[in-house]
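Here the structure is laid out as structure tokens; the discussion comes afterwards.
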Amino acid sequence: MTTPSTGARIEKARLAANIPSQRKLAENAGISQSTLSRIITDARPAKANELLAISMATGCTLAELTGTSTVADRVQYAARATNGANMEQMREQLIHFLELDAYLEDQGIGVCL
């Protein structure tokens with residue numbers, strides 16, 4: 001299994017955020033569409049400010065976009081697929097939630113129950 005590139009992770013984040021096009025993501029992130037296209041195709045690396053803007057536009061953490069997360073490496077789960085559930089999609093949603101939780105905890109934003 002190969003590790004997805006930053007560009008592939010950005011494109012996946014765009015789709016997960018239901019952003020209809022790269023042009024709309026570029027607009028939401030405040031960068032040009034041609035720049036975003038070059039980043040997604042890995043023709044050039046994204047700058048830190050561009051990654052931050054894309055992160056904010058998609059609702060993903062920087063760790064998710066850059067693949068620097070350690071949460072995915074630590075996650076263990078047990079589940080049974082029923083009613084046509086997609087296990088990989090369930091795993092990705094769980095990791096996304098845990099990434100967000102870890103980010104909020106790092107920022108000192110805890111959950112009050």
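Computed from heavy atoms alone, side chains included, the values below leave out hydrogens, waters and symmetry copies.
To the nearest 0.5 angstrom, Leu15 atom CG is 11.0 Å from Thr58 atom OG1. Here the CG-CD1 distance, from Leu65 to Ile10, works out to 5.5 Å after rounding to the nearest 0.5 Å. To the nearest 0.5 Å, the span separating CZ on Arg9 from SG on Cys60 amounts to 11.0 Å. In this structure, CD on Gln33 lies 9.5 Å from CG on Leu25, to the nearest 0.5 angstrom.
The salt bridge (charged side-chain N to carboxylate O under 4.0 Å, His left out) pairs that include a residue from residues 23-43 are Lys24-Glu27, where partners are two or more places apart or lie in different chains.
Connection of Leu52 to Ile40 is established within a shared hydrophobic cluster, with ILVMFWY side chains joined at heavy-atom distances below 4.5 Å, either directly or through further cluster members.
Counting heavy atoms from C-beta outward, Leu51 and Thr6 have side chains that approach closer than 4.5 Å. The shortest side-chain heavy-atom distance between Ile54 and Ile31 falls under the 4.5 Å cut-off. In this structure, the side chains of Ile39 and Lys47 stay at 4.5 Å or more apart for every pair of heavy atoms.
Of all the heavy atoms in Ala29 and Ala53, the pair that sits closest is O-CB, 3.2 Å. Closest approach of Ser55 to Leu62, counting heavy atoms only: OG-N, 3.8 Å.
Taking the salt bridge (Lys or Arg N to Asp or Glu O under 4.0 Å) definition, one finds that Lys12 meets it with Glu92, sequence neighbours left out. Applying the side chain to side chain donor-acceptor pair (under 3.5 Å) test to Thr61 and every residue at least two apart in sequence or in another chain returns Glu64.
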